[in-house]
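The next block holds one structure in the form of structure tokens; read it before the comments.
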Amino acid sequence: MPAPVRRYALAVLPLTLLTGLYVVAHGQVSPGGGFQGGVVAATALHLLYIAIDYRALRRVRSVALFTLADAAGEAGYLLVGLGALLSGAAFLRNVLPYGTTGTLASGGTVPLLNAAVGVEVAAAVVVLLAQFLDQAIVIESADGSQDQGHTPQGGASGRTSEGRTPQGQKSAPGSEGGRR
Amino acid sequence: MGGDLPVVVALLLVAVAGTAAVLARDPVRQAAVLAGLGLALALLFAVLQAPDVALSQLAVGTALTPLMVLLSVRKVRRKARSERREEHE
Amino acid sequence: MNGWLAAACALLLVGFLPALLGICTGPVRRRVLAQNLATVLAALVMLLLSQGYARPSYTDMALVLAVLGPVGTLVYERLLGEELRASRPRPLVTRTMTVLGVAPVPAVVLPVCVAATPGRTTLKLLFIGCLLVAGSALCTRALTTPPGGGGSDGR
Amino acid sequence: MARRLTAALELGAWWVALAGLWLVLIQTVDTLECGVGAGAALLAAYGGRAARRAAVRR
């Protein structure tokens with residue numbers, strides 16, 4: 001991609017991340033919530049692939065870590081629900097005091113649930129797109145058609161992708177010299 | 001009538017975008033039309049006082065849907081190209 | 001049905017509808033440029049609605065649009081790079097699309113800033129305006145760089 | 001040692017900018033809001049720095 005697009009992406013990525021976190025945190029005060037904010041944050045991470053190249057995204061995104069974060073978000077949601085159960089109220093009932101309306105603390109346990117859902121949705125979208133990207137981006141060194149996002153198969157994700165060209169790209173990393 | 005003019009206009013936009021989405025046959029063109037339909041829907045939800053739903057539509061429909069559609073198009077094209085190359089060998 | 005909602009309807013009919021028709025017809029390059037323009041206009045309509053319905057929380061939708069809009073356009077640049085760059089862009093198209101994408105932003109953001117309560121909300125509106133202008137101008141330029149230009153992929 | 005200094009400087013710069021943006025975005029300013037904002041700004045600053053390093057490294 002041209003240089004201004006790369007600079008724009010590197011400048012806007014943290015802003016998008018912060019917007020996502022802002023939308024997650026203010027779920028109970030203004031429109032937004034865990035899901036919307038999580039998707040915005042996940043899209044921010046993929047700015048790396050869209051504006052720079054796939055290898056940059058792969059350096060930052062380790063699918064194992066995000067699968068773990070997905071599970072952790074889900075577990076967080078459950079624990080907040082169980083917390084209410086343990087303290088004698090029904091599952092997921094609000095046990096925290098209601099602060100003043102219009103502030104973060106006004107939602108009782110809702111901000112905690114929003115945060116858990118935010119983490120879970122962001123991680124789930126990253127893992128989902130990782131599957132899409134691994135499928136769609138394969139080594140094309142055989143016929144020299146330069147593909148933007150080359151990824152040596154058997155990388156962090158470790159899955160071989162059926163999209164690989166029949167010549168078999170076992171030697172792919174070796175032949176990477178020609179491409180960007 | 002004046003009170004819900006924005007709703008009527010938003011519904012008109014969704015109708016136009018929806019028809020275009022149905023008529024578009026080529027997936028690449030459809031990806032662009034889907035993005036337009038997503039925007040029209042988000043405006044309709046905003047005008048109908050449903051900002052949370054509009055925000056969800058914006059978050060998913062602006063960048064994620066086109067990305068997934070175009071990645072699938074690339075995968076299908078790559079498979080077709082490699083099959084054609086096999087026939088030539 | 002105050003003035004802001006009337007302005008929002010006008011912007012929808014005069015600006016968003018043609019952009020939508022531009023998305024639904026014509027070559028892929030023009031569709032992507034129209035999509036970039038439609039995203040900017042949708043964000044501006046959100047600002048007008050936030051003023052018309054007296055709900056400052058609608059500006060969050062404009063913020064998300066201002067941040068994600070260019071990403072949606074760059075997706076086409078990234079995945080359809082070769083196809084988009086095959087046809088040479090006419091300079092007239094480039095100029096008009098850049099102007100169309102950038103001119104309405106101050107025309108909407110400034111009145112809303114004046115009308116909104118001064119202080120941090122004006123800063124927020126100005127920030128959204130800057131994001132919209134930067135994103136739209138950048139995407140138009142990225143989409144219309146001639147093939148020989150800096151548009152080499154993946155570097 | 002210098003590398004860690006530049007890293008801290010970059011993170012700090014991003015953090016200040018993003019915390020300021022957070023204050024602009026929120027409606028009511030109170031201690032909890034600032035705390036959450038500081039955390040979110042730190043996270044986003046780390047993300048920004050990691051992205052820059054990932055993009056630059058060849």
Side-chain angles (χ1 to χ4, degrees), chain B residues 1-10 12-24 26 28-47 49 51-74 77, chain C residues 1-2 4-6 8-13 16-17 19-36 38-43 45-46 48-50 52-53 55 57-76 78-80 83-84:
Chain B
M1 174 57 200
D4 50 11
L5 181 60
V7 176
V8 170
V9 170
L12 168 76
L13 292 174
V14 167
V16 167
T19 325
V22 167
L23 297 180
D26 166 34
V28 170
R29 283 173 169 63
Q30 218 165 28
V33 175
L34 278 182
L37 175 60
L39 282 176
L41 279 173
L43 285 167
L44 176 65
F45 296 144
V47 158
Q49 315 298 331
D52 275 292
V53 184
L55 206 54
S56 304
Q57 170 63 40
L58 284 182
V60 173
T62 315
L64 228 51
T65 319
L67 178 63
M68 285 205 213
V69 169
L70 291 177
L71 280 174
S72 314
V73 164
R74 170 205 283 265
R77 277 189 186 160
Chain C
M1 187 56 195
N2 53 41
W4 297 103
L5 293 180
C9 290
L11 188 57
L12 280 176
L13 287 175
F16 190 84
L17 188 55
L20 199 59
L21 296 177
I23 292 176
C24 304
T25 57
V28 181
R29 168 194 296 280
R30 213 228 22 226
R31 286 177 185 241
V32 180
L33 284 170
Q35 191 256 347
N36 179 38
T39 312
V40 171
L41 293 178
V45 167
M46 293 295 186
L48 289 173
L49 292 181
S50 85
Y53 293 124
R55 287 229 173 84
S57 58
Y58 277 28
T59 47
D60 289 350
M61 287 192 279
L63 174 68
V64 167
L65 249 178
V67 158
L68 290 186
V71 178
T73 310
L74 287 175
V75 159
Y76 292 96
R78 155 64 72 203
L79 287 164
L80 296 173
E83 223 175 299
L84 286 187

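Computed over heavy atoms, backbone and side chain alike; hydrogens, waters and symmetry mates excluded. Because the structure is a prediction, the values reported are computed rather than measured. Numbers restart at 1 for each chain; the letters A, B, ... are given by sequence-line order, proteins then strands.
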Can you check whether B:P6 reaches C:Y53 side chain to side chain, under 4.5 Å on heavy atoms?
yes
If one checks every heavy atom of C:L20 against chain B at 4.5 Å, the contacting part turns out to be side chain
So which residue, C:L5, C:L65, C:T73, C:V67, ends up with the most heavy-atom pairs under 4.5 Å with chain B?
C:L65
Can you tell me how far CG of B:D52 sits from CG of C:D60, rounded to the nearest 0.5 angstrom?
10.0 Å
Rounded to the nearest 0.5 Å, what's the gap from CD on B:Q49 to CG on C:L49? Could you check?
8.5 Å
Between the OG1 atom in C:T39 and the CG atom in B:L39, the distance rounded to the nearest 0.5 Å is 5.0 Å
So which heavy atom on C:M61 is nearest to which on B:A54, and how close?
SD-CB, 3.4 Å
Less than 4.5 Å to any heavy atom of chain B: does that hold for the side chain of C:L21, its backbone, both, or neither?
side chain
Considering all heavy atoms, the nearest B:P66-C:Y76 contact
CB-OH, 3.7 Å
Gap between atom CG of B:L12 and atom CG of C:L13 - 0.5 Å precision:
7.0 Å
Contact origin within B:V47 toward chain C - heavy atom pairs under 4.5 Å:
both
Tell me, out of C:V71, C:V64, C:L68, who's got the most heavy-atom pairs with chain B below 4.5 Å.
C:L68
The reported gap from CG in B:L58 to CG in C:L63 (rounded to nearest 0.5 angstrom) is 11.0 Å
Is it the backbone or the side chain of C:A38 that comes under 4.5 Å from a heavy atom of chain B, or both, or neither?
both
Could you tell me if the side chain of C:F16 sits less than 4.5 Å from the side chain of B:V9, heavy atoms only?
no
Engaged part of B:Q30 at the chain C interface, taking heavy atoms whose separation is under 4.5 Å
neither
Please find the pair of heavy atoms, one from C:Q35 and one from B:A35, that lie closest to each other, and give the distance.
NE2-CB, 3.8 Å
Between B:A46 and C:Y58, which heavy-atom pair has the shortest distance, and what is it?
O-OH, 3.4 Å
Decide yes or no for B:L43 and C:M46: does some side-chain heavy atom of the first lie under 4.5 Å from some side-chain heavy atom of the second?
yes
Between B:A32 and C:R31 the two heavy atoms that sit nearest each other are CB-CB, 4.3 Å
Toward chain C, the part of B:A31 with a non-hydrogen atom under 4.5 Å
both
Engaged part of C:I23 at the chain B interface, taking heavy atoms whose separation is under 4.5 Å:
both
